[in-house]
Amino acid sequence: MAIVGSYREGVIRSNEKVGENVYKLVVEGAFDGVPGQFYMLKAWGIQPLLARPLSICDLDEESITFLYLVVGTGTRILSKLHAGDRLTLLGPLGTGFSYEGVETAAVVTGGIGIAPMLYLLKHLPGKVDLYAGFRDESYFLEELKPYVNDVYLASDSGNVGICGTVCDVFEDRGYDAVFSCGPNPMFASLKKLVDPKKLQISMEAHMACGIGACLGCTVDTLDGMTRVCTDGPVFLAEEVNFDA
């Protein structure tokens, strides 16, 4: 069941560029959350109207970290913030990954889908392999490598790993579970390569409220149209219809 958090103000510790249009934002304070959950962030007045949903990238007793891609007005404003600036956060929101009893696992990411995986990897026991796909250049890998066994890379340009998608380099090596975040076409392809009952996907969606009130982030599932923000963002792949 999703956990609905509350609004609070945060002070930025750092906001550094780590890749092409990719930023790592660290906010001071004691925050809550489990791997796979997210927060709604806002650092402006009336416009743009909506806050931006960002997955928990990392979390400790003193701070919370977000990794985000600049794609529009809201994230562009976030990228201009500096240490000491303030912003508003709502969270933790949504449902997280389930990893109890998992001994061997694969983490599969596409682009900025790498964002929620550091916090997840810190909770995964045993052997974990990382499969990461990028458009051109890689980013944030060095922070993940201490928590994984093997790393397999792919990129659209061929500059990183093989030339192709992350699904081209993925191989099901009998993992107990596969955890993934990225675009829907990647999920649809991955669903054909691994048992959908073992595949947990963190879905990306345009969100307005983050608490399930606006119904703006629905996705087609076996149970009908379901809200990504409250019933997800993490789903079992077998539950989601990618052919709709």
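Residue numbers count from 1 along this sequence.
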task = For the pair Tyr99 (side chain) and Leu121 (backbone), establish whether a donor and an acceptor sit closer than 3.5 Å, ignoring hydrogens and angles.
result = no
ask   = Listed by chain and number, what are the side chain to side chain contact (heavy atoms under 4.5 Å, CB included) partners of Glu171, not counting sequence neighbours?
value = Arg173
Qualifying residue, where the test is side-chain contact (heavy atoms from CB on, under 4.5 Å) with Tyr175 and the options are Leu199, Asp195, Asp129 = Asp129
inquiry  = Is any side-chain heavy atom of Cys167 closer than 4.5 Å to one of Leu193?
reply    = yes
message = Does Lys80, at its NZ atom, have more than 12 non-hydrogen atoms belonging to other residues, nucleotides or ligands within less than 6.0 Å?
response = no
Heavy-atom check, side chain of Glu16 versus side chain of Tyr23, under 4.5 Å = no
key: Side-chain heavy-atom pair Val108, Leu190 within 4.5 angstrom cut-off   = yes
ask   = Is there a side-chain contact between Leu54 and Leu78 (heavy atoms, below 4.5 Å)?
value = yes
query = Any chance the rings of Phe170 and Tyr152 have centres within less than 6.0 Å?
reply = no
key: Cationic tip of Arg52 above Phe38 ring, under 6.0 Å, 45° of axis   = no
ask   = Within a strict 4.5 Å, meaning less than it, do heavy atoms of the Ile201 and Asn184 side chains meet?
value = no
request  = Mind checking side chain to side chain contact (heavy atoms under 4.5 Å, CB included) for Asp156 and listing every partner two or more places apart, or none if nothing turns up?
outcome  = Arg135
query = Tell me, do Val107 and Phe97 make a side-chain contact under 4.5 Å, heavy atoms counted?
reply = no
Any side-chain heavy-atom pair of Phe179 and Thr109 under 4.5 Å = no
Donor-acceptor pair, side chain of Asp176 and main chain of Glu103, under 3.5 angstrom = yes
Shared hydrophobic cluster for Leu69 and Leu67 (ILVMFWY, side-chain gaps under 4.5 Å) = yes
query = Going only through I, L, V, M, F, W and Y residues with side-chain contacts under 4.5 Å, is there a path from Phe66 to Val26?
reply = no
request  = Go through the structure and list residues passing salt bridge (Lys or Arg N to Asp or Glu O under 4.0 Å) with Glu142, not counting sequence neighbours.
outcome  = Lys145
query = Are Leu25 and Thr65 close enough that some pair of their side-chain heavy atoms sits under 4.5 Å apart?
reply = no
query = Under 6.0 Å from the CD atom of Glu9, do we count more than 12 heavy atoms belonging to anything else shown?
reply = yes
request  = Check the hydrophobic clustering (I, L, V, M, F, W, Y; side-chain heavy atoms under 4.5 Å; chains of links allowed) and say if Leu130 and Val18 are grouped together.
outcome  = yes
ask   = Salt bridge or not for Asp172 and Lys198, using N-O below 4.0 Å?
value = no
